[in-house]
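What follows is a set of notes on a single structure, which appears directly below.
Read the numbers this way: they start at 1 and go in the same order the structure lists the ligands and their atoms.
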Amino acid sequence: MFTRSFSFRRKLALTSLLVGLSAALLAGGCQLWFEQQRQQDKYDTLLASMHSWLTGYLSDIRATSESLQPLTINDCHQVASELTSRAAFSMNVRAFLLVKDSYAFCSSATGEMRMAMKDLVPDIDLQKNSDMVLLPGTPMLPDKPAIGFWFRSPLLDHRGVFATLNINLTPYSLYTSQQPEMTGIALGIGDRAVSTFSGGLITLSQIPQPPILTTHIEDSPITLYLFAQKWRTQDIQFAALLGATFGMLVGLLTAFVLYNHVRPGREILTGIKRDQFYVVYQPVICAKDLHITGVEVLLRWRHPTAGEIAPDTFIPFAEAQQLIVPLTLHLFDLIARDAPLLQKLLPPGAKLGVNIAPGHLHADHFLDDIRAFDRSLPPRHFKLVLEITERDMLRYTEVAQRFQALRSEGYHVAIDDFGTGHSALIYLEKFTLDYLKIDRGFVNAIGTETVTSPVLDAVLALANRLDMLTIAEGVETPEQARWLREHGIHYMQGFLFSHPLTLEQFAAWQPPNFNLML
Ligand code: C2E
Ligand code: CA
Ligand code: CA
């Protein structure tokens with residue numbers, strides 16, 4: 001999780017990208033949906049207005065035809081002029097025909113006539129009370145489609161009125177021509193239709209696209225069809241643009257928020273603030289009498305989601321994020337918090353080993369920090385041992401001054417992980433240091449690798465010559481402990497004696513009789 005900040009950057013970029021992409025899709029999708037709703041409302045309004053106009057018109061024609069029914073009992077010459085004037089005053093009526101015994105005998109347009117209805121309008125069903133067909137034209141206007149509307153007389157047998165009506169789609173075709181997404185409208189009866197696509201009568205299957213909306217006129221076989229593009233290019237373009245802009249903003253905002261709130265470095269500060277760090281104490285045993293002489297303090301992080309994070313992971317990370325100083329100061333606070341109880345568990349003069357990172361050691365305020373930490377502890381009870389790894393000795397002139405200052409104020413310094421570095425050995429004689437902590441790699445090898453034991457022997461001899469006290473780390477077996485004691489080690493630390501313990505565990509700890517073990 002905290003391995004590298006660059007992996008965090010990659011995660012941040014990926015998360016922001018995904019969030020941005022989702023936001024873009026959402027915004028673009030919503031915009032398209034709203035636009036579709038708007039279009040749909042427009043289509044609904046248009047068809048509703050056509051619908052209400054047609055319904056009104058048909059009911060007018062029905063009423064007029066009704067009032068013409070009595071004329072069918074007269075001869076044509078008696079009623080022709082009235083028929084003509086009624087047709088003239090009825091909007092969009094081309095002609096009224098009076099029908100008797102299946103023959104049209106009188107026309108408002110041409111007067112007296114005699115023509116079989118089945119020849120005139122083969123599709124109409126005279127047996128029905130009313131019927132309607134679409135006609136390709138009428139004798140006067142053969143190329144202009146019309147609606148043929150049949151009304152059987154309810155009272156007089158075998159008689160009725162037949163009306164031919166103009167179909168005027170002009171206002172609607174004008175309207176639709178101004179709406180780029182609307183491609184046309186059609187009025188259909190059966191599978192025949194009059195439409196804005198062509199002047200003549202067509203079949204519905206001749207229209208290349210399916211209608212987007214249809215509505216049926218009650219009490220009539222008429223259906224209205226609206227044709228339009230489902231997806232308009234400009235709507236898609238606008239939605240894409242809006243989506244891209246919104247997505248980009250959300251993506252950037254996500255990156256900003258993540259960077260400022262979830263940045264791993266920030267997690268350490270949050271961890272400090274939320275008290276997620278705690279300390280454990282590992283006893284250090286005197287090799288001679290096998291009594292506890294002190295503890296090494298080790299930091300732990302109980303992360304709310306990642307669980308226990310090992311110091312080997314978060315310490316280098318805190319160093320890389322320049323957060324090792326606040327973290328170490330927090331460690332000092334945690335120890336100070338435990339100190340009153342710790343004082344009861346450890347004898348006066350007990351050593352308190354604290355790990356110091358090089359980033360802190362070189363800071364100007366380092367000495368002040370150590371002094372303040374010391375003041376926060378019970379006076380003169382603990383001996384502070386600052387553990388500094390061998391790898392940090394390279395800037396030795398600078399370090400030498402620091403060590404001298406520390407030692408002159410009574411603090412002890414230990415070289416940690418001795419044997420893991422390469423070049424420090426030659427500088428050792430230039431420092432005066434108190435302890436040498438032999439890395440557990442050496443201790444591990446005792447008894448398994450005959451070659452390393454002489455090296456360890458030599459290291460112990462060197463430490464003796466330099467007047468340094470030696471601490472063996474990672475002592476896990478009685479054999480190792482025996483070997484170390486026989487070779488003059490001063491202190492030992494490791495799982496053989498005790499794992500690192502929390503303060504509560506330490507308080508409850510009953511050290512076994514180490515003499516019996518060794
Ligand atoms: P270190 O200073 O060498 O600490 C000793 C490490 O060895 C500890 O690991 C301890 O738990 C482990 N250990 C002790 N006895 C045995 C044993 O018998 N066998 C084995 N296999 N391991 C044993 P831990 O606590 O995981 O710490 C790892 C490292 O993290 C430390 O190595 C130290 O370099 C660093 N660290 C821990 N706490 C702090 C801190 O407060 N500040 C700084 N700067 N570094 C810290
Ligand atoms: Ca250490
Ligand atoms: Ca060590």
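- The side-chain tip of R402 does not point at the ring of F366 from less than 6.0 angstrom away and within 45° of straight on.
- Which parts of ligand 1 touch G494 is read off a 4.0 Å heavy-atom cut-off, strictly below it: atoms 15 (N), 18 (O).
- Relative orientation of the W301 and F314 rings is perpendicular, given thresholds of 30° and 60° on the angle between their planes.
- Note: no N/O pair closer than 3.5 Å links I315 and ligand 1 by distance alone.
- For a threshold of 3.5 Å applied to N or O pairs, the pair formed by L331 and ligand 1 contains no separation below that value.
- Neither the backbone nor the side chain of Q493 has any atom closer than 4.0 Å to an atom of ligand 1 (non-hydrogen atoms only).
- The six-membered or imidazole ring of F442 lies away from that of F418, with a centre-to-centre distance of 6.0 Å or more.
- Of the candidates I356, N355, L361, the one placing a heavy atom closest to atom 42 (N) of ligand 1 is N355.
- When the options F277, F497, F495 are ranked by their closest heavy atom to atom 13 (N) of ligand 1, first place goes to F495.
- Heavy-atom separations between R300 and ligand 1 include at least one value shorter than 4.0 Å.
- Using a 4.0 Å cut-off between a side-chain N of Lys or Arg and a carboxylate O of Asp or Glu, E473 and R440 do not qualify as a salt bridge.
- There is a side-chain donor-acceptor pair under 3.5 Å between D374 and Y411.
- Annotation: atom 8 (C) of ligand 1 to nearest protein heavy atom, L298 CD1, 3.8 Å.
- Under the 3.5 Å distance criterion, with hydrogens and angles disregarded, no donor-acceptor pair is assigned to the side chains of H330 and T328.
- For atom 44 (N) of ligand 1, the nearest protein heavy atom lies closer than 4.0 Å.
- In this structure, M248 places its CE atom where only 12 or fewer heavy-atom neighbours from other residues, nucleotides or ligands lie under 6.0 Å away.
- Ring planes of H360 and H365: tilted class, angle from 30 to 60°.
- As for E473, its N/O/S atom nearest the Ca ion (ligand 3) is the one called OE2.
- The atom name of the N/O/S atom in E296 closest to the Ca ion (ligand 2) is OE2.
- Within the 4.0 Å cut-off (strictly below), no protein heavy atom is located near atom 34 (O) of ligand 1.
- Distances from ligand 1 to the non-hydrogen atoms of P500 include at least one value under 4.0 Å.
- Looking only at its N/O/S atoms, D417 has OD1 as the one nearest to the Ca ion (ligand 3).
- Taking a distance limit of 4.0 Å, we find that atom 24 (P) of ligand 1 is approached by some protein heavy atom.
- Note: no N/O pair closer than 3.5 Å links E387 and ligand 1 by distance alone.
- If you look at T389 next to ligand 1, there are no close heavy atoms at all, none under 4.0 Å.
- Taking backbone and side-chain atoms together, D416 has an N/O/S atom less than 3.0 Å away from the Ca ion (ligand 3).
- Protein heavy atom nearest atom 21 (N) of ligand 1, with residue, atom name and distance: E476 OE2, 3.1 Å.
- Atoms of ligand 1 found under 4.0 Å from any heavy atom of P311 (numbered from 1 in listed order, with element): 24 (P), 25 (O), 26 (O), 27 (O), 28 (C), 30 (O), 36 (N), 37 (C).
- A salt bridge links D434 with R407: the distance from a Lys NZ or Arg NE/NH1/NH2 to an Asp or Glu carboxylate oxygen falls below 4.0 Å.
- With a 4.0 Å heavy-atom cut-off, ligand 1 is reached by the side chain of Q282 but not by its N, CA, C or O.
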(request) Check step by step if salt bridge (charged side-chain N to carboxylate O under 4.0 Å, His left out) holds for E409 and R371. (result) CA-CA 9 Å; E409 296 192 28; R371 289 181 195 123; 2.5 Å; yes
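- Within the 4.0 Å heavy-atom criterion, the part of E473 lying near ligand 1 is the side chain and not the backbone.
- Contact annotation: for D417 versus ligand 1, heavy atoms closer than 4.0 Å belong to the side chain alone.
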(message) As a quick check of understanding, evaluate side chain to side chain donor-acceptor pair (under 3.5 Å) for Q209 and T183, giving each step before the final call.
(response) CA-CA 9 Å; Q209 46 184 279; T183 45; 3.1 Å; yes
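- Counting backbone and side-chain atoms alike, T389 contributes no N/O/S atom closer than 3.0 Å to the Ca ion (ligand 2).
- Metal site remark for the Ca ion (ligand 3): E387 contributes no N, O or S atom at a distance under 3.0 Å.
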